[in-house]
Amino acid sequence: MSSRSYAVISRRQIAENYRAIRRAAGPGVEVAGVVKADAYGHGAVEVSRVLAAEGAGWLAVATVEEGVELRQAGIGGRILVMGGFLPFEREAAIEYDLTPALPALDDIAELERMARACGRRLPYHLKIDSGMGRMGTRAGAEEIAAAVAAAPHAELEGLMSHLASAGDFTTSQTLEQKARFEDVRSRLAARGIAPRWIHLAATSAVGYPRGGGNGNLVRAGLALYGYLSTPAGEAPPRAFEVRPALTWKARIVTVKDVPAGAPLGYGATFRTDRPMRIAVVAAGYADGIFRCLSNRGCVIAAGKPAPILGSVCMDVIIVDVSHAPALQPGDEVTLLGGEGEAAIDAARIAELAGTIPYDVLCRIGRRVRRVYE
């Protein structure tokens with residue numbers, strides 16, 4: 001069945017983006033594909049299959065539930081759960097062979113109890129709060145070493161942190177975080193604790209390198225899907241280039257001519273200043289079009305920008321198609337992507353909406369059908 005609104009995701013482009021990141025990360029560095037939040041709206045199962053075919057040894061999700069979904073779809077390889085280790089998730093994490101990123105030393109003791117109960121060693125990564133102040137332990141190396149030693153059935157396989165300002169070159173926070181993390185890592189090494197995997201870097205730290213010390217595993221998220229956040233300050237040249245993998249389209253429901261002075265949409269926030277031909281398009285804020293784009297955003301219709309007129313509704317928007325009188329119900333417009341000589345990407349939409357590209361991609365709703373090519 002044809003869809004009122006659908007997103008086309010290019011498997012080839014995701015694979016090419018992954019290869020570009022892997023080249024930039026360098027030899028001996030593993031690239032973990034971050035597929036949390038349904039792969040930033042691209043479909044976690046399909047994206048994971050692409051990454052597995054490219055040789056990715058690690059995938060990263062936010063929750064145990066996301067990891068279970070991948071396992072039930074037949075996804076193998078290692079899956080790191082980065083969003084905490086809640087009590088009701090723990091049994092499933094073991095059953096589905098998921099690796100938790102533990103944010104607190106108390107979690108190590110709990111994993112030890114579970115490892116003893118199931119009769120096998122359970123690997124984990126320990127997250128260090130190096131200065132972001134979100135998740136991770138702030139304990140010193142001596143305290144961490146004691147917790148690790150007290151849990152011989154839980155295997156400290158990885159040591160990780162997260163950089164809060166990797167793309168911001170107006171602050172020294174990244175270098176300070178790396179120094180704090182390296183201090184903990186080296187003090188643990190002096191006590192004979194040397195985890196197999198060391199990782200701090202996400203997309204921005206690879207795309208805009210600074211100060212080295214990213215470890216032997218990097219977590220690639222936004223760049224997989226074709227975007228690098230705009231850096232702040234005097235940034236070095238990008239280490240790699242990527243292209244968006246998703247194009248979002250919607251169909252025209254109806255087309256009509258309206259006179260000058262006609263009110264359009266809820267609250268009559270727009271009145272035509274001339275006779276117009278308008279199209280009602282089958283996508284609204286329930287599908288992921290930001291309501292703040294009312295009277296501000298645009299789509300692409302017949303290869304040219306078509307402004308959004310009036311308020312974005314739950315299920316539809318109104319756009320000006322005066323330049324394209326041949327458009328009819330059932331014809332498509334482009335909400336995100338390129339058409340003819342016009343293009344609009346998630347970065348541009350984010351700029352208009354006062355948000356970030358992550359938000360734009362993750363907002364694309366469930367009823368927008370995903371189509372893979």
Side-chain angles (χ1 to χ4, degrees), residues 30 32-40 44 48 57-73 75-141 143-164 177 180-181 184-185 188 193-202 215 217-219 221 362:
E30 180 79 22
V34 179
V35 293
K36 64 180 180 177
D38 201 28
Y40 297 25
S48 295
W58 282 91
L59 300 171
V61 297
T63 67
V64 168
E65 184 176 5
E66 290 179 334
V68 169
E69 179 188 9
L70 297 183
R71 291 292 192 229
Q72 290 179 337
I75 303 299
R78 304 297 302 278
I79 299 178
L80 181 67
V81 180
M82 302 188 295
F85 196 43
L86 294 172
F88 63 85
E89 299 176 318
R90 291 169 182 167
E91 296 295 335
I94 294 175
E95 179 182 353
Y96 287 93
D97 192 25
L98 308 176
T99 303
L102 302 185
L105 298 189
D106 289 345
D107 292 325
I108 300 177
E110 178 59 24
L111 193 66
E112 170 69 7
R113 183 194 67 77
M114 297 176 68
R116 288 178 181 272
C118 70
R120 61 187 175 93
R121 291 175 64 82
L122 297 177
Y124 67 96
H125 293 211
L126 181 64
K127 190 163 191 177
I128 305 299
D129 179 3
S130 59
M132 187 171 184
R134 192 174 64 175
M135 297 183 71
T137 180
R138 298 182 66 86
E143 191 178 354
I144 293 172
V148 171
H153 297 83
E155 178 188 353
L156 177 58
E157 185 187 31
L159 196 68
M160 64 182 289
S161 191
H162 191 58
L163 301 173
Q177 282 193 254
R180 290 193 191 108
F181 181 82
V184 173
R185 189 206 64 76
L188 288 175
I193 298 173
R196 166 71 178 85
W197 299 106
I198 304 296
H199 51 114
L200 300 90
L217 178 69
V218 297
R219 306 178 301 267
C362 290

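Computed from a predicted model, the values in this text were never measured in an experiment. Sequence positions, counted from 1, serve as the residue numbers for this chain.
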Practice problem: Given salt bridge (charged side-chain N to carboxylate O under 4.0 Å, His left out), test Asp107 with Arg90 step by step and report yes or no. | Solution: CA-CA 11 Å; Asp107 292 325; Arg90 291 169 182 167; 3.7 Å; yes
Exercise. State, with a plain yes or no, whether a side-chain heavy atom of Val68 is found less than 4.5 Å away from one of Glu95.
Key: no
Quiz item: Are the side chains of Val34 and Met82 in touch, meaning some heavy atoms are under 4.5 Å apart?
Solution: yes
Self-check item: Worked verdict on Ile198 versus Phe181 for side chain to side chain contact (heavy atoms under 4.5 Å, CB included)
Solution: CA-CA 10 Å; Ile198 304 296; Phe181 181 82; 3.6 Å; yes
Quiz item: Can you name the closest pair of heavy atoms from Gln177 and Ala164 and give their distance?
Solution: OE1-N, 3.0 Å
Practice problem: Verify, without hydrogens or angle tests, whether Ser161 (side chain) and Leu200 (backbone) share a donor-acceptor contact under 3.5 angstrom. | Solution: no
Quiz prompt | Check: Trp58 ring centre within less than 6.0 Å of His125 ring centre | solution = yes
Practice problem: Would you confirm whether Asp129, through its side chain, and Met135, through its main-chain N or O, come within 3.5 Å as a donor-acceptor pair? | Solution: no
Self-check item: Backbone of Leu217 reached by a side-chain donor or acceptor of Glu30 within 3.5 Å
Solution: no
Quiz item: So, the side chain of Arg71 versus the backbone of Asp97: is there a donor-acceptor pair under 3.5 Å, distance only?
Solution: yes
Quiz item: If you draw a 6.0 Å radius around CZ in Arg138, do more than 12 non-hydrogen atoms from other residues or ligands fall strictly inside?
Solution: no
Practice problem: Working to the nearest 0.5 Å, report the span between CD1 of Ile108 and CG of Leu102. | Solution: 6.0 Å
Quiz item: Is any side-chain heavy atom of Tyr96 less than 4.5 Å from a side-chain heavy atom of Leu70?
Solution: no
Quiz item: Which value, rounded to the nearest 0.5 Å, describes the distance between Leu98 atom CG and Glu65 atom CD?
Solution: 11.5 Å
Quiz item: Shortest non-hydrogen contact from Glu143 to Leu105?
Solution: CG-CD1, 3.7 Å
Practice problem: Locate the shortest heavy-atom distance separating Ala44 from Ser48; write the atom from each residue and the value. | Solution: O-OG, 2.7 Å
Exercise. Output yes when Glu157 and Arg78 qualify as a salt bridge under the 4.0 Å nitrogen-oxygen rule, no when they do not.
Key: yes
Quiz item: When rounded to the nearest 0.5 angstrom, what is the spacing between NZ in Lys36 and CD in Glu66?
Solution: 8.5 Å
Exercise. Give a yes or no answer on whether the side chain of Glu89 reaches the backbone of Thr63 with a donor-acceptor pair at less than 3.5 Å.
Key: no
Practice problem: Carefully, step by step, assess Leu156 and Tyr124 under the rule side chain to side chain contact (heavy atoms under 4.5 Å, CB included). | Solution: CA-CA 5 Å; Leu156 177 58; Tyr124 67 96; 3.4 Å; yes
Quiz item: How close do Leu188 and Ala145 get, heavy atom to heavy atom, and via which atoms?
Solution: CD2-N, 4.0 Å
Quiz item: Say you draw a straight line from CZ of Arg121 to CZ of Arg116; how long is it, rounded to the nearest 0.5 Å?
Solution: 11.0 Å
Quiz prompt | With His162, the side chain to side chain donor-acceptor pair (under 3.5 Å) member among His199, Lys127, Arg219 | solution = Arg219
Quiz item: Are any non-hydrogen side-chain atoms of Ile144 and Ile193 less than 4.5 angstrom apart?
Solution: no
Self-check item: Any donor-acceptor pair under 3.5 Å from Arg185 side chain to Met160 backbone
Solution: no
Exercise. Provide the closest heavy-atom pair for Gly221 versus Tyr40 in the form atom of the first, atom of the second, distance.
Key: CA-OH, 3.7 Å
Practice problem: Nearest 0.5 Å please: distance from the CD1 atom of Ile128 over to the CZ atom of Arg180. | Solution: 12.5 Å
Practice problem: Could you pull out the closest heavy-atom pair between Pro123 and Thr99, with the gap in Å? | Solution: O-CG2, 3.8 Å
